[in-house]
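Just below is one structure, and these are the notes that go with it.
Heads up: numbering here begins at 1 and tracks the sequence. The basis for the numbers below is simple: all heavy atoms, side chains too, and nothing from hydrogens, waters or symmetry mates. Read the numbers this way: they start at 1 and go in the same order the structure lists the ligands and their atoms.
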Amino acid sequence: MAAPYFPTFLLLIFFSSIALLVLTVLPAVTPSLPQTAPSLSSRWPSCGPGQSWAVRIHHSPPRHEEDEGAGSAHLDVIADRVAKQAGLQNRGQIGELEGHYLLCSLQPDSKSLGGIWKRSIQPGDVLATHPHVLWYSMERALSRSKRSLAFNDPDYPKQWHLHNKINRGMDINVTGVWERNITGQGVTVVVVDDGVEHSHQDIHLNYSPEGSYDLNSNDPDPMPHPDLRSDNHHGTRCAGEIAAVPNNSFCAVGVAYGSKVAGIRVLDGPLTDSLEAIAFNKHYQINDIYSCSWGPDDDGHTVDGPHPLGKAALQHGVIAGRRGFGSIFVVASGNGGQYDDNCNYDGYANSIYTITVGAVDEEGKKPFYAEDCASMLAVTFSSGGARSRNIVTSDWSVRSKRGCTEGHTGTSAAAPLAAGMVALMLQVRPCLTWRDVQHIVAFTATQCDSLADWGVNGAGFHHSHQHGFGLLNAWRLVNAAKVWESVPFLVSYQSSVIKEDVPIVSHPNVLVRTWNVSAADLDPSGMRTLEHVAVTVTITHPCRGNVEIVLLCPSGMRSLIGAPRSIDRDPSGYQDWTFSTVRCWGERAEGQYTLKITDYKDAQSDQCAAVGVLKQWKLTLYGSSMTYSEVKERQRLVEEAMSGKHLDSNFSLPCPPGLDIPPEIVSPFTSNNLKFLLLLGCFSLFWSLYYVLDVTLGHVYLRGLLCLPRSRSRHRTSRTSKGRGVEEAVPYRDEEEQDSGVELLAVLDSEVKVPNGREQLET
Ligand SMILES: [Ca+2]
Ligand SMILES: [Ca+2]
Ligand SMILES: [Ca+2]
Ligand SMILES: [Ca+2]
């Protein structure tokens, strides 16, 4: 039965195959039928705005004679015809929008084409009346900003330090970094100041209560207190510069708006050495960067710096802070420029542990208040003269109801910007050490202000006493950070104390002293290249401000470490004062160091007539085993990274794990730790007594009266009942069940470790 139907079945298969083939091929073939319809690809260069029309074509039945038969024609053919009639060229369908075509002028630009059309046809007129044109529009340039930078914060446009539209290039060059989602995420910056208004609309979201503390009132809340002079707004302003919340339709945007900001309230009351020491190490496993916009009086005659505890805390911070990578201390260089003040007389600026940041105005020039010094690492933007714009940032709302200011000024405003930039660096490379950050600043800062005393040192770094290594540039800092391998550990070399007792001669004569550092001298430490160079002097002088001290490194690089200060008539001279310079950074350490001292005697002053004496001096070199050629190689690598290629790729260097330092325990300076130890001591005493009694009385009655669990719980109660005083015991809370003996061991263990680290630093 099936045999007669077989040929019919075959035929059916054959015809359906043909039909399928035609259906498949047809759509692919048809567009190519009207060879005149080009695609919008590379056939022509695209025509710009003002030279092109977007039109929507339809194939309605013809009403006019000239369009007869067009209704059935393909849309591409109609588009060609419309274009021709309008004096334009069909550039093909617009993307995937069927019936939409781009018609372009044949002329190179709209000017010339305007002239032709005036004489002949106006494309717009033709398109307006054409029966096949449903809609048309002349193309115009659309204004579009990259979404990441379109902040809705009303004062963002005024933040010229982030994007300077008037003085091009005079900003921190951060927007490209933000576009790559580098905003300081995972990094905490703490503002050590007069408090931070953390409930502030622009700060609240980024506030870190974990990193904060109030040392003036000894409580965890650093909220600024209202005062009569209305000057406790300082910390809040600095916090806003760092981490003001973006896109909240309020005030401004911070440099590292993805970072967390904490506050330590310490400046609203008498500041002591111990308070300062506590502040420098407060929550130092949470806080990565300490922003300090304050220092000794900038009156032109003060010589002061951190006292022993503050110094020790700075040193301890770089050893144990940030899990051993070192806390980053950013300090403002000072505002005493108008009094001839100089940051080499400021111990916080001189310190090798700090990043000393000065200010330039919106033109990149030195403002009247800025101080010079040889230990200046870099500068960033702040206020200038009366005509210059200030820094726009958050403001406390206690007095200023608006919570936003356009009047933040001085080097106080510069340091937080630098701190914010360091936060961006730490996001891309969390294991940068405190010295890596200083190195990267030296390697990436850019020259500004042709009036400054720029000099290029033996390693090729440019530096001026006004602006350090130059302007901090967020793009350069972050790109360099991304490829930066940690520098070898810090080593130092110290000369003996050189006893002199020689008179200081008057200008133009100069007292010259030299010290040779041989290869053998450097052998024990392995030092090859320099970082900081410090000179400690003891000088007696009736008017110390007349003395000028210059240091020459072996390369001949000159540092004015002791600048004359006209106001400083102090008769006490300098007692073991340490001046430091960064101007020999990267140079070879070996060679002859020269100290030149002269006295700019004031002829009229009887008081200053007596002769000064150089009693003694000492040279200290800080550096590492990095060779000169390694320094040059790093310079090459850093410049190579500036294209941003490593930020755009998945490139990442491995990071070593940090040291396992329990938070707060290793700080030997907190009074709460001492209280805790005292408590522990009392507790041990109690136990000893208990056991003595226990043994003596044959533990008949006491066992029954005082059972072990009860006494343990009493121990816990006694700890917590102290309230504020035991705030430092918080890290132990999870381990409440542990024996107190283990805690004590942890304290002792970490305290033993720290001095070892210090010795490494000093030798
Ligand atoms: Ca408080
Ligand atoms: Ca905001
Ligand atoms: Ca100063
Ligand atoms: Ca410093």
- Item | Pair W294 and Y348, ring centroids less than 6.0 Å apart | yes
- Query: Between OG of S580 and OH of Y622, what distance do you get to the nearest 0.5 Å?
  - Reply: 8.5 Å
- So how far is it from C448 SG to H467 NE2, rounded to the nearest 0.5 Å? 4.5 Å
- Does P246 bring an N, O or S atom to under 3.0 Å of the Ca ion (ligand 2)? no
- Message: So, 3.0 Å as the limit: is an N/O/S atom of S375 located closer than that to the Ca ion (ligand 4)?
- Response: no
- The atom name of the N, O or S atom in D214 nearest to the Ca ion (ligand 1) is OD2
- Message: Determine whether a donor-acceptor pair (N or O, by modelled atom type, separation under 3.5 Å) exists between the side chain of W396 and the backbone of G235.
- Response: no
- Message: Rounded at 0.5 Å granularity, tell me how far OH in Y369 sits from CG in D298.
- Response: 12.0 Å
- Flag for H408-E241: side-chain donor and acceptor within less than 3.5 Å: yes
- Message: Looking at the Ca ion (ligand 2), is there an N, O or S atom belonging to D153 that lies under 3.0 Å away from it?
- Response: yes
- Rounded to 10°, the O/A252 to the Ca ion (ligand 2) to O/V245 angle comes out at 90°
- Centre of F443's six-membered ring, under 6.0 Å away, within 45 degrees of the axis: is that where NZ or CZ of R634 sits? no
- Among N, O or S atoms, D202 approaches the Ca ion (ligand 2) most closely through OD1
- Message: If the cut-off is 3.0 Å, does any N/O/S atom of S394 fall short of it from the Ca ion (ligand 2)?
- Response: no
- Message: Regarding A349, does it place an N, O or S atom less than 3.0 Å from the Ca ion (ligand 4)?
- Response: yes
- Note on the structure: The O(T354)-the Ca ion (ligand 4)-OG1(T356) angle, to 10°, is 100°
- Got an N, O or S from S351 under 3.0 Å of the Ca ion (ligand 4)? yes
- Query: Do any of the N/O/S atoms of N350, backbone or side chain, fall under 3.0 Å from the Ca ion (ligand 4)?
  - Reply: no
- Message: To check your reading of the site, what angle at the Ca ion (ligand 1) do OD1 of D219 and O of D221 form, to 10°?
- Response: 70°
- Among N344, N350, T620, T536, which one satisfies side chain to side chain donor-acceptor pair (under 3.5 Å) with T578? T536
